Amino acid sequence: MERTCLAVILAAGDSTRMKSSKSKVLHPVAGRPMIAHVVEAVASAGISAVALVVGRDAEEVAKAASINGVGVESYLQQQRLGTGHAVLAAREAIARGYDDILVTYGDVPLQTGEPLKAARQELAEGSDIVVIGFHTDRPTGYGRLLVKDGELIAIREEKDATDAERTVTWCNSGLMVINGRKALDLLSRIGNSNAKGEFYLTDLVEIARSLGCRVTAVDAPEIEMTGCNNRAELAIIERLWQERRRREMMLAGVTMIAPETVFLSYDTVIGQDALIEPNVVFGLGAVIDSGAVIHAFSHIEGAHVSRGATVGPFARLRPGTDLANGAKVGNFCEVKNGRLGEGAKVNHLTYIGDAVIGAGSNIGAGTITCNYDGVNKSETVIGENAFIGSNSSLVAPVTIGDGAYVGSGSVITADVPADALALGRARQEIKPGRASLLRERALAIKAAKKAKT
């Protein structure tokens, strides 16, 4: 029979060190609130429900935590009296009789499901409390996990540790799982006889052992236990997340020439054999198919790039963009809500907004789809194998037929039939000698102004 599990996520901190107008768990990592990363991690560990202990910005935190259909209930912690007190804010949920109670934190967004599963497995094998620890070569400041004969005998805070105990490099992450049948009894025994008058969750180790309970520990990678208290640590977490995800993608067959310069969002999808050049940023909702090429200094958000398509350098794809196989968006181009057919080309210095471009069409440099009249946005439709000359303005709504040709420098305000030539520009006039007269006039005006000063 599968064991049930309640995840109690502590997210009620005041975030004072974050120096922010919002709760720190709402700050994004890879474009997603860090609390959402935590919920995803506990969901992957097979949890049955989430009890979210909230304080500041309670409604916003609860909303951010509601992902992927995971059942989340919020419990308000009115006072901040320590981690043990925070867990008991979810007393109602804990009392429902889950097999396992997992306690974790909303500001540890790099955690994954594997250590959580390992801790739950220890419970299934007879432990009553399992503490999740991590090994580090910089243990200063952390509580040390003291183990004897396979059992955790104490979590020793550094200020209370002996010189020998300070050499221990296995440290307390703060995360733990508790036997759900004993959880409320054990939690209710935590006292506050300490200098701060707070209820510490770590006291459970001593309490459980005094009652004859089995207490053990499991290990997690140090990176996964990285917590966030301020903006500097947020930047470190972002870097660590990016490094981990880039590596996963490269091992899956994505080529990144300078991976340290590529920035991904949590939902970025890149297919095998895609090539990503340096200094590329992927915003939310980017999907890059196998074999696509993203050249340097491009920004892609909410866009789909199909097999064999190329983007950039210095291109921006905005939400709603869809490039078919072999399409091309070149340097200094922007596409918003634009669909390019197979083999269509938008090579340089062009804006395509709210447009459909047929297969094989070529859009010349400096072309603009004029999609906004100050109130409404309208669509431009360009058929297959059309040619739009450089420096043309297509005033939407407008349709350019298959095989049509728009002369360079045209302003197109009416539909162009298939295979037609459209010219929308003033007739060129030449006035011999007029340039000299214009220069003389300009010089005289300049001299007059100088004389006045």
Side-chain angles (χ1 to χ4, degrees), residues 28-44 64-70 109-114 223-224 237-330 333-344 346 352:
V29 174
R32 189 186 210 184
M34 66 174 77
I35 186 64
H37 287 277
V38 175
V39 173
E40 182 176 57
V42 300
S44 70
S66 299
I67 63 166
N68 301 333
V70 177
L110 297 177
Q111 61 186 283
T112 67
E114 293 309 310
I223 181 177
E224 293 189 19
I237 287 171
E238 181 73 34
R239 174 177 59 80
L240 294 172
W241 189 97
Q242 294 289 340
E243 288 173 352
R244 184 169 71 185
R245 187 70 183 113
R246 292 178 198 127
R247 177 175 172 78
E248 291 171 353
M249 286 190 170
M250 288 187 288
L251 292 178
V254 176
T255 296
M256 297 183 185
I257 295 174
E260 70 279 4
T261 69
V262 175
F263 290 87
L264 309 160
S265 289
Y266 80 95
D267 61 351
T268 301
V269 177
I270 305 179
Q272 180 179 318
D273 291 322
L275 169 62
I276 313 299
E277 291 188 353
N279 298 293
V280 173
V281 175
F282 294 98
L284 297 175
V287 178
I288 313 300
D289 288 351
S290 300
V293 177
I294 311 300
H295 292 295
F297 295 98
S298 294
H299 188 285
I300 301 175
E301 178 183 7
H304 173 225
V305 180
S306 297
R307 176 182 291 273
T310 62
V311 177
F314 296 97
R316 184 184 182 194
L317 304 187
R318 293 170 59 193
T321 296
D322 192 344
L323 308 188
N325 293 350
K328 179 179 180 180
V329 174
C333 292
E334 178 180 354
V335 182
K336 188 273 295 184
N337 193 30
R339 301 194 303 277
L340 274 65
E342 188 168 343
V346 180
I352 301 295

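Here the structure is a predicted model, which means the values were calculated and not measured.
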Q: Kindly say whether Gly271 contributes a backbone atom to a donor-acceptor pair with the side chain of Ser290 at under 3.5 angstrom?
A: no
(Q) Taking the side chain as everything from C-beta on, heavy atoms only, tell me whether Leu323 gets closer than 4.5 Å to Leu317. (A) yes
(Q) Quick one, Leu264 and Met249 - any side-chain contact, counting heavy atoms below 4.5 Å? (A) yes
Q) Where is the tightest heavy-atom contact between Ser44 and Gly113, given as atom of each residue plus distance? A) OG-CA, 3.2 Å
**Q.** Audit row: Val29, Tyr266, side-chain contact (heavy atoms from CB on, under 4.5 Å) steps and yes/no
**A.** CA-CA 8 Å; Val29 174; Tyr266 80 95; over 6 Å; no
Q) Between Leu110 and Arg244, which heavy-atom pair has the shortest distance, and what is it? A) O-NH1, 2.9 Å
Q: Give the minimum heavy-atom separation between Ala315 and Gly330, together with the two atoms involved.
A: CB-O, 3.5 Å
Q: Write down the atom of Gly31, the atom of Leu284, and the distance for their closest heavy-atom approach.
A: O-CD2, 3.6 Å
(Q) Between Asp322 and Ser306, is the side-chain contact (heavy atoms from CB on, under 4.5 Å) condition met? List the steps. (A) CA-CA 8 Å; Asp322 192 344; Ser306 297; 4.3 Å; yes
Q: Identify the two heavy atoms, one from Pro259 and one from Met250, that lie closest to each other, and give their separation to 0.1 Å.
A: CB-CE, 3.8 Å
**Q.** Reported OG-to-CH2 distance for the pair Ser265 and Trp241, which is rounded to 0.5 angstrom
**A.** 7.0 Å
**Q.** Gap between atom OG1 of Thr261 and atom CD of Gln242 - 0.5 Å precision
**A.** 11.0 Å
Q: Find out whether Arg32 and Glu40 are in side-chain contact, i.e. whether some heavy atom of one side chain is under 4.5 Å from a heavy atom of the other.
A: yes
Q) Is the number of heavy atoms from other residues, nucleotides or ligands within 6.0 Å of CD (Glu342) greater than 12? A) no
Q | ring pair (Phe, Tyr, Trp, His ring centres under 6.0 Å) involving Phe297 - partner list, sequence neighbours excluded | A | Phe314
Q) For atom NZ of Lys336, is the number of surrounding heavy atoms from other residues, nucleotides or ligands below 6.0 Å larger than 12? A) yes
Q) So, Glu238 side chain and Ala30 main chain: donor-acceptor pair closer than 3.5 Å or not? A) yes
Q: Can you see which heavy atom on Met34 is nearest to which on Pro109, and at what distance?
A: CB-CB, 3.6 Å
Q. Side chain to side chain contact (heavy atoms under 4.5 Å, CB included) with Ile270: which of Val287, Val305, Ile288?
A. Ile288
Q. Any side-chain heavy atom of Asp289 sitting closer than 4.5 Å to one from His304?
A. yes
Q. Say you draw a straight line from CZ of Arg316 to NE2 of His299; how long is it, rounded to the nearest 0.5 Å?
A. 6.5 Å
**Q.** More than 12 heavy atoms of other groups within 6.0 Å of Arg307 CZ
**A.** no
Q) Pairs in or reaching into residues 246-269: which pass salt bridge (charged side-chain N to carboxylate O under 4.0 Å, His left out), with residues at least two apart or in two chains? A) Arg245-Glu248
Q: Could you note down all residue pairs passing side-chain hydrogen bond (donor to acceptor under 3.5 Å, both in side chains) where residues 268-279 supplies at least one of them, sequence neighbours left out?
A: Glu277-His295
